[in-house]
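Every heavy atom of this structure was used, including side-chain atoms; hydrogens, water molecules and symmetry mates were not. Proteins come first, then strands; the chains are lettered A, B, ... in the order of their sequence lines, and each starts at number 1.
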2 protein chains.
Amino acid sequence: MNHKVTMRDIADRLNISSVTVSKALGDKDGVSDSLKEKIKQVAEEMGYRYNTAAKSMKDGLSYNIGVMIPERFTGTNHSFYFRIYKYIAKILEQGGYYGIMTTLGEHEESMLTLPRLYYEQKIDGLIILGQIGKPYIEAMQEMQLPKIFLDFYDEHVEMDAVVTDNFYGAYELTNLLIRGGHRDIAYVGTLHSTSSIQDRFLGYYKSLLEHRIPLQQQWILNDRDEDGVYIDIQLPDPMPSAFVCNCDQVAHNLINKLQDLGYHVPQDYSVTGFDNDIYATLTRPPLTTVEVDIERMAKLAVQSILKKVSNPYYTFGRALVPGRVIERESAIALTNDADHQA
Amino acid sequence: MNHKVTMRDIADRLNISSVTVSKALGDKDGVSDSLKEKIKQVAEEMGYRYNTAAKSMKDGLSYNIGVMIPERFTGTNHSFYFRIYKYIAKILEQGGYYGIMTTLGEHEESMLTLPRLYYEQKIDGLIILGQIGKPYIEAMQEMQLPKIFLDFYDEHVEMDAVVTDNFYGAYELTNLLIRGGHRDIAYVGTLHSTSSIQDRFLGYYKSLLEHRIPLQQQWILNDRDEDGVYIDIQLPDPMPSAFVCNCDQVAHNLINKLQDLGYHVPQDYSVTGFDNDIYATLTRPPLTTVEVDIERMAKLAVQSILKKVSNPYYTFGRALVPGRVIERESAIALTNDADHQA
DNA sequence: CTGAAAGCGCTTACAG
DNA sequence: CTGAAAGCGCTTACAG
């Protein structure tokens, strides 16, 4: 491996100063074009590679952004996390930054342990990807570091957040069902679990309100426990004609359960999902759902955090990324002759 | 943000030198216990955070390991990549390192563009996670950097690799089918696509050989094209009684296809997968498959790359991580009365 | 257009 | 046990 080539080595070879080499390689003014060319050429020849650590020390920036993913919620949705992290990493790289992912274990979350990344000044900003508990959110406030929430938010703390427009997506989905003649529509999701579940519920509720359909408490079905672990969904009695599920995976679980009981989807019951993730196309029938624009969320999150890095006073509140309803086969219009009371 | 607290600030506050602070905080010898305690306390009070960049410059190490994932293959298997990357990141962190993921786009792969991470000395080592093309593998040889392959290998280059014991896993799975009375067994996977597909095929073949069952060329079925994109699987005529698929997703696709044609799995045909990923439990019936020990692969990969960082001459060749056969419902013993010729 | 000096925050080797 | 000096590789501000 020999000794690594530095600007000084290039300078020595050309009998010039390292300052000039620095200027040339950084395409700064103050070097004649001919010398600049020569320097770049020699740098190439000698296999010079820029030393980021030196730059980092100079300007006190690591050029890394942390992405913290709470372990509690990754259990279910690997594909979403992988895809969005991939975009985040790629977009950061285009901006001269790199992403460092860290998972927040349940133990660290409950002990309010801040990430090592922070204590080692490894990062200039932090994207928190996925819902974390309030105590931890509060503990994080002491971190002297720009940070944003991605894919969730918390009203009790003034933190910038980038989220899908969950409210509007669920509203549109419910409207679609109502246009299809459904009036008995259940919502599947534990309301206090995450901001997404809550906002999707409210979109569903808004649609009911607009169509003057009363909200039935017994048609709000829990899908997970306090820890976000899926539970067996208790079917209500009487049954609705359609189920608006808070995510594709839950729609998948529900459809499996209905099918196991001998029902047919969508003939007996219409079911909708949310996210358009792997479950949307895997489920049979494939799900009518809302596609989350993962790439745009990643891009907005990266742009926002980088803006906050260069200006710590920059805030934007809550940025909504619109989704898109995708109609597949798990939901159909209600036919007049069918009677859906169990 | 004020000015960031440095060791010098702590030293000034206590009227000592920064050397002593460095020793105390690094738990080195040469500071009295009482002073050491005092220094740590003041550091805490002042909100001191260690500056990794300075250390990096000092010893020429970034304390980052790159993880390169070729984009060409991530399309299919997000869950695997997410899980293994999560483990890699976690285990690196335990070793005082951080992971930086970078995807290798198809364009970069064909243009033989080396990752920016390398040119910026951002990493001390590189884990290449997922099959890449030979030309790129060769281009990578010029990188002065410890690197290992994870989840694949290439015979033509002497590179260390950590892989599942694909050969043995497929061998055991095929043995299981043969013990169940199957003798007409097809293999599903495009042989020249990846080392995993090839090795799993060879395990299948070894099992046939041991049981003196001739290999039938028409029972080796392609599942993807040159670019790794899944193709429609052409069913052979005559049909076998069982299919050994090179991965769970392909088993999933095959089962769907068989079911669409009106066949029943496993009553009409037994089908096995490989990986025990999300498809294994999603598919109906759930798949008999081989569980890949992702955590152990990640751990071994991290240990190996860190060993190579501290000693560039360390090599270990090809490390095999054993898998584990999991019997579910997609494969059953052949009953005597059934006749499986189409 | 070119370069000597200083400094970013730490650590190592050495002197007291 | 404590600290002054030097250096890691770059860049910025200033002088020539």
Side-chain angles (χ1 to χ4, degrees), chain A residues 1-40 42-43 46-64 96 118-124 144, chain B residues 1-40 42-43 46-64 96 118-124 144:
Chain A
M1 263 330 168
N2 318 332
H3 147 87
K4 276 192 182 136
V5 181
T6 69
M7 288 189 180
R8 159 118 249 121
D9 298 325
I10 300 173
D12 287 351
R13 169 85 80 95
L14 289 168
N15 278 317
I16 55 176
S17 84
S18 63
V19 176
T20 304
V21 175
S22 170
K23 284 173 185 160
L25 294 179
D27 267 326
K28 302 267 163 65
D29 285 342
V31 197
S32 66
D33 283 354
S34 59
L35 182 54
K36 192 180 274 187
E37 272 320 300
K38 185 75 196 153
I39 289 170
K40 285 186 178 177
V42 172
M46 298 177 72
Y48 171 76
R49 288 190 288 143
Y50 188 79
N51 185 320
T52 328
K55 182 184 171 71
S56 280
M57 221 181 57
K58 244 290 165 190
D59 40 46
L61 249 30
S62 65
Y63 296 102
N64 296 141
Y118 171 68
Y119 289 115
E120 297 184 348
Q121 296 197 53
K122 260 287 191 181
I123 51 175
D124 302 331
Q144 298 293 315
Chain B
M1 242 21 134
N2 320 330
H3 146 84
K4 275 190 185 140
V5 181
T6 68
M7 288 188 180
R8 159 118 248 117
D9 298 325
I10 300 173
D12 288 351
R13 170 85 81 96
L14 289 167
N15 278 315
I16 54 175
S17 85
S18 64
V19 176
T20 303
V21 175
S22 169
K23 284 173 185 160
L25 262 25
D27 267 325
K28 301 267 162 64
D29 284 342
V31 197
S32 66
D33 283 354
S34 59
L35 183 54
K36 195 181 273 188
E37 271 321 299
K38 184 77 195 150
I39 290 171
K40 285 187 179 177
V42 171
M46 296 177 74
Y48 171 76
R49 288 188 287 143
Y50 187 79
N51 186 321
T52 328
K55 181 184 173 70
S56 282
M57 221 181 58
K58 243 291 168 186
D59 40 44
L61 249 28
S62 65
Y63 296 101
N64 296 141
Y118 170 69
Y119 288 114
E120 296 183 351
Q121 296 196 53
K122 260 286 192 181
I123 51 175
D124 302 331
Q144 299 294 314

Checking side-chain contact (heavy atoms from CB on, under 4.5 Å) for the pair A:N64/B:K122: CA distance, chi angles, key distance, verdict?
CA-CA 10 Å; A:N64 296 141; B:K122 260 286 192 181; 2.7 Å; yes
Kindly point out which of C:dC10, C:dT2, D:dT11 is positioned nearest to the side chain of A:V31?
C:dT2
Let me see the working for B:T6 and B:N51 under side-chain contact (heavy atoms from CB on, under 4.5 Å), right down to the final yes or no.
CA-CA 8 Å; B:T6 68; B:N51 186 321; over 6 Å; no
What is the distance from CD of A:E120 to C1' of C:dG9, rounded to the nearest Å?
15 Å
Qualifying residues under ring pair (Phe, Tyr, Trp, His ring centres under 6.0 Å), relative to B:Y48, sequence neighbours excluded
none
Phosphate contact (C:dG3 OP1 or OP2) by A:S17 side-chain N/O below 4.0 Å
yes
Secondary structure of DNA chain D per the Watson-Crick/G-U criterion (both distances under 3.5 Å; [ ] crossing, | other strand, . unpaired) is |||.||||||||.|||
Closer to the 5' end of DNA chain D via nearest nucleotide, is it B:N15 or A:K58?
B:N15
In whole angstrom, what separates B:L61's CG from C:dC10's C1'?
15 Å
Contact list please: residues 19-29 of chain A against DNA chain C, heavy atoms, distance less than 4.0 Å, in numerical order.
A:V19, A:T20, A:K23
From CD1 of A:I39 over to C1' of C:dT2, roughly how many Å is that when rounded to an integer?
10 Å
From CZ of B:R8 over to P of C:dC10, roughly how many Å is that when rounded to an integer?
11 Å
Provide, to the nearest angstrom, the distance between the OH atom belonging to A:Y63 and the C1' atom belonging to D:dT11.
11 Å
List the steps and the verdict of side-chain contact (heavy atoms from CB on, under 4.5 Å) for B:K55 and B:L61.
CA-CA 8 Å; B:K55 181 184 173 70; B:L61 249 28; over 6 Å; no
Pair B:V21-B:L14, side-chain contact (heavy atoms from CB on, under 4.5 Å): steps then yes or no:
CA-CA 10 Å; B:V21 175; B:L14 289 167; 5.7 Å; no
If you draw a 6.0 Å radius around CZ in A:R49, do more than 12 non-hydrogen atoms from other residues or ligands fall strictly inside?
yes
To the nearest Å, how far apart are A:D59 CG and D:dA13 C1'?
15 Å
Should B:S32 be listed as having a side-chain N or O under 4.0 Å from OP1 or OP2 of D:dT2?
yes
Partners meeting side chain to side chain donor-acceptor pair (under 3.5 Å) with A:E120 (sequence neighbours left out)
A:R116, B:Y98
Measure from the side-chain N and O atoms of B:Y118 to the backbone N and O of B:Q144, and report whether any donor-acceptor pair falls under 3.5 Å.
yes
With A:Y63, which residues qualify under ring pair (Phe, Tyr, Trp, His ring centres under 6.0 Å), at least two apart?
A:Y97
From CE of A:M7 over to P of C:dT2, roughly how many Å is that when rounded to an integer?
16 Å
For the pair made of CE in A:M57 and C1' in C:dC10, what is the distance, rounded to whole Å?
7 Å
Ion pair check, B:D12 and B:R8, cut-off under 4.0 Å
yes
Heavy atoms within less than 4.0 Å of DNA chain D: which residues of residues 48-56 of chain A have one? Give them sorted by number.
A:Y48, A:Y50, A:N51, A:A54
Has B:K40 got more than 12 heavy atoms of other residues, nucleotides or ligands less than 6.0 Å from its NZ?
yes
Mind checking the CD-OG spacing from B:E37 to B:S32? Nearest 0.5 Å is all I need.
10.0 Å
